[in-house]
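We number each residue from 1, following the sequence as shown. Scope of the values below: all heavy atoms of this structure, side chains included, with no hydrogens, waters or symmetry mates.
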Amino acid sequence: MFSGPSDFDTDEMGYAMSRLEIESDLCDAGKGYCGVGSSSSGSSNRSSECLADLDHEISHVTKLKSCPHERFSRQVPGRHQLPVSTVRMLAGRESNFSGRGKFSSADRCHILSRYLPVKGPWLVDQMDSRAYVSQFSTDGSLFIAGFQGSQIRVFNVEKGWKVQKDILTKTLRWTVTDTSLSPDQRNLVYASMSPIVHIVDVGSGASESHANVTEIHDGLDFSTDEDGGYSFGIFSVKFSTDGRELVAGSSDDSIYVYDLEANRVSLRTVAHTSDVNTVCFADESGHLILSGGDDNLCKVWDRRCFIGRDKPAGVLVGHLEGVTFIDSRGDGRYFISNGKDQTIKLWDIRKMSSTVPARHEFHRNYEWDYRWMDYPSESRDLKHPYDQSVSTYKGHSVLRTLIRCYFSPVHSTGQKYIYTGSSDSSVYIYDLESGDKVAVLKHHNSPVRDCNWHPHYPTLISSSWDGDLVKWEFPGSGEPPIMSKKRVRRRHF
């Protein structure tokens with residue numbers, strides 16, 4: 001279920017990324033990436049020392065965010081490694097064990113992370129088409145769900161999950177592939193298998209938004225003169241943290257950056273040798289872009305220091321099949337990816353290599369298509385010989401569609417869990433450090449493509465191809481689950 005990384009020569013780039021954090025403004029093309037030249041013996045020794053504890057660093061950082069103050073657990077010798085009970089935490093706070101008179105953020109995470117959203121489910125909505133996207137807003141006040149039947153619904157979480165905006169999309173090709181809400185929560189963009197991404201004002205007073213009937217859905221054209229008129233689709237689209245740009249991954253193997261103020265594509269780079277299924281920003285700065293594609297690779301792009309056209313800052317090898325989704329931890333270092341090889345992998349950007357290894361490709365001796373075939377049993381225990389990932393998580397299933405995975409919320413859990421949808425109709429929650437499956441949520445009868453954990457409360461929403469949006473919460477609320485007996489009409493393609 002859980003395995004560590006293989007040995008791989010990453011000293012030079014690992015040290016380069018460590019130096020990049022303190023020398024990010026020093027870009028010298030003559031010395032390699034961001035001013036770091038070829039490694040001398042001294043730098044090689046320093047880089048080896050730097051990388052020695054990288055695998056343990058993520059564990060240490062996670063504990064700092066989710067472990068209570070040492071005095072809460074120091075009272076009984078020999079038991080400080082055991083989880084501290086909530087009653088003990090409350091008693092310690094009243095006795096001012098920590099000397100602060102209140103809980104720290106780590107104390108709060110320690111308590112809340114013990115209450116996993118495993119009770120339920122409660123029905124939120126039920127549609128007669130497949131659910132493809134489900135996302136909370138940054139503050140958790142809104143929830144967005146996108147369906148194959150040309151419909152997107154925006155729910156007001158704080159008003160009893162009332163539908164705040166019912167959007168009927170324009171010129172939809174196949175399905176709503178992705179949505180993204182602007183940081184100010186006023187504008188929503190939605191993509192499909194088309195180079196046109198549409199933007200909707202979700203802050204307007206109208207509860208219904210029919211494209212170009214009740215409201216205008218402006219089209220943002222991502223096609224350029226370089227694509228030769230080829231009509232491509234957008235698999236993934238994300239707002240930048242300042243709301244001024246969009247980054248998108250497409251079926252023409254490219255990454256696009258769209259400047260909303262200039263109303264044009266400001267950057268296009270051929271990023272992979274196959275479909276770019278997922279893109280995101282690595283942190284709030286917006287300088288680093290992460291991408292994953294059907295060429296099995298994860299790539300890092302630094303917009304400040306482009307070495308050459310279509311050349312990434314670094315490459316991370318490890319998946320045996322295509323990458324379906326990437327989620328960043330938000331610190332500019334760690335991210336996770338879901339793969340069609342039925343694994344989630346945890347990555348450290350500082351371990352990336354500057355070029356793709358000569359023999360990185362995994363050549364299988366069988367024909368397999370994840371859209372309608374089960375994953376071959378003989379491939380489940382295979383491992384990439386040049387795997388650069390920090391950890392690998394197994395147990396869920398990535399078939400039929402681009403299944404998504406995420407870190408658990410930083411404010412309530414300290415990001416100590418990883419969770420994912422699955423084509424076996426379930427939601428899986430893994431412990432980040434141990435790799436153990438801590439919960440499996442079962443309700444749906446079709447693939448769960450997307451799921452999302454509330455940023456502040458132990459509440460999780462799962463959305464499935466069966467059309468159901470359901471809510472999972474922690475035990476103890478006393479509210480009985482409300483399940484619908486309505487028969488969902490299903491489409492078969």
Side-chain angles (χ1 to χ4, degrees), residues 121-137 142-157 161-181 187-194 196-202 206-215 217 219 233-238 248 277-278 324-325 371 399-404 406 420-423 425-427 443-452 460-472 483-484 486-493:
W122 288 262
L123 185 67
V124 174
D125 201 358
Q126 192 173 51
M127 303 290 287
D128 60 357
S129 65
R130 297 172 174 178
Y132 268 73
V133 181
S134 56
Q135 291 291 299
F136 279 104
S137 60
L142 300 177
F143 183 82
I144 295 93
F147 300 86
Q148 190 174 30
S150 303
Q151 199 162 16
I152 299 172
R153 283 189 169 175
V154 180
F155 298 88
N156 192 315
V157 178
W161 292 85
K162 179 182 178 182
V163 177
Q164 178 172 305
K165 198 85 167 180
D166 198 353
I167 302 170
L168 186 63
T169 63
K170 176 188 177 185
T171 58
L172 188 68
R173 290 187 184 177
W174 176 245
T175 183
V176 175
T177 55
D178 203 5
T179 64
S180 184
L181 188 65
N187 295 309
L188 176 77
V189 293
Y190 61 87
S192 68
M193 295 307 294
S194 162
I196 308 296
V197 171
H198 291 90
I199 186 167
V200 188
D201 183 1
V202 296
S207 60
E208 293 189 357
S209 179
H210 292 191
N212 296 351
V213 177
T214 60
E215 287 187 334
H217 294 191
I234 303 291
F235 286 113
S236 177
V237 62
K238 295 289 183 294
N277 295 324
T278 175
T324 64
F325 195 74
R371 292 174 293 180
L399 300 169
R400 314 293 181 260
T401 184
L402 302 177
I403 305 289
R404 299 182 168 193
Y406 303 92
T420 178
S422 179
S423 58
S425 312
S426 305
V427 176
H443 158 74
H444 300 282
N445 53 24
S446 291
V448 178
R449 186 179 190 268
D450 205 358
C451 52
N452 212 230
L460 186 146
I461 305 296
S462 59
S463 59
S464 168
W465 275 11
D466 60 13
D468 282 3
L469 293 180
V470 297
K471 177 176 63 171
W472 306 82
M483 298 306 304
S484 173
K486 174 184 173 183
R487 178 76 174 175
V488 178
R489 185 179 64 216
R490 294 176 176 81
R491 301 179 181 179
H492 298 279
F493 297 90

Quiz item: Would you call the rings of Phe136 and Phe143 parallel, tilted or perpendicular if under 30° counts as parallel and over 60° as perpendicular?
Solution: perpendicular
Taking all non-hydrogen atoms of both residues into account, name the closest pair between [X] and [Y] and its distance.
X	Y	result
Ser423	Ile403	N-CD1, 4.1 Å
Arg173	Met193	CD-O, 3.0 Å
Arg449	Thr401	NE-OG1, 3.0 Å
Gly219	Ile196	CA-CG2, 3.8 Å
Asn156	Leu142	CA-CD2, 4.1 Å
Ser134	Ser463	OG-OG, 3.0 Å

So [Y] and [X], do their side chains get closer than 4.5 Å, heavy atoms only?
X	Y	result
Thr420	Phe325	no
Ser422	Val448	no
Arg404	Asn452	no
Tyr190	Val197	no
Lys165	Ile152	no
Asn187	Asp201	yes
Gln135	Asp450	yes
Tyr132	Trp465	yes

Quiz item: Does the side chain to side chain contact (heavy atoms under 4.5 Å, CB included) test come out yes or no for Trp161 and Asp125, once each step is laid out?
Solution: CA-CA 9 Å; Trp161 292 85; Asp125 201 358; over 6 Å; no
Self-check item: Arg153/Leu469 under side chain to side chain contact (heavy atoms under 4.5 Å, CB included): CA gap, chis, key distance, verdict
Solution: CA-CA 11 Å; Arg153 283 189 169 175; Leu469 293 180; over 6 Å; no
Practice problem: Start with the C-alpha gap between Thr179 and Leu188, add the side-chain angles, then the distance that decides, and say whether side chain to side chain contact (heavy atoms under 4.5 Å, CB included) holds. | Solution: CA-CA 7 Å; Thr179 64; Leu188 176 77; 4.0 Å; yes
Practice problem: Report the C-alpha distance between Thr169 and His217 in whole Å, list the side-chain angles of each, state the deciding distance to 0.1 Å, and finish with yes or no for side chain to side chain contact (heavy atoms under 4.5 Å, CB included). | Solution: CA-CA 8 Å; Thr169 63; His217 294 191; 5.6 Å; no
Please report the interatomic distance [atom1]([X]) to [atom2]([Y]), rounded to the nearest 0.5 Å.
X	Y	atom1	atom2	result
Arg130	Asp466	CZ	CG	10.5 Å
Thr177	Leu402	OG1	CG	9.0 Å
Ser236	Asn277	OG	CG	9.0 Å
Phe235	Ser192	CZ	OG	11.0 Å
Cys451	Ile461	SG	CD1	10.5 Å

Practice problem: Report yes or no: do His443 and Ser462 form a side-chain donor-acceptor pair below 3.5 Å? | Solution: no
Quiz item: Within the distance-only criterion (no hydrogens, no angle test), does the side chain of Ser464 pair as donor or acceptor with the backbone N or O of Ser446 below 3.5 angstrom?
Solution: yes
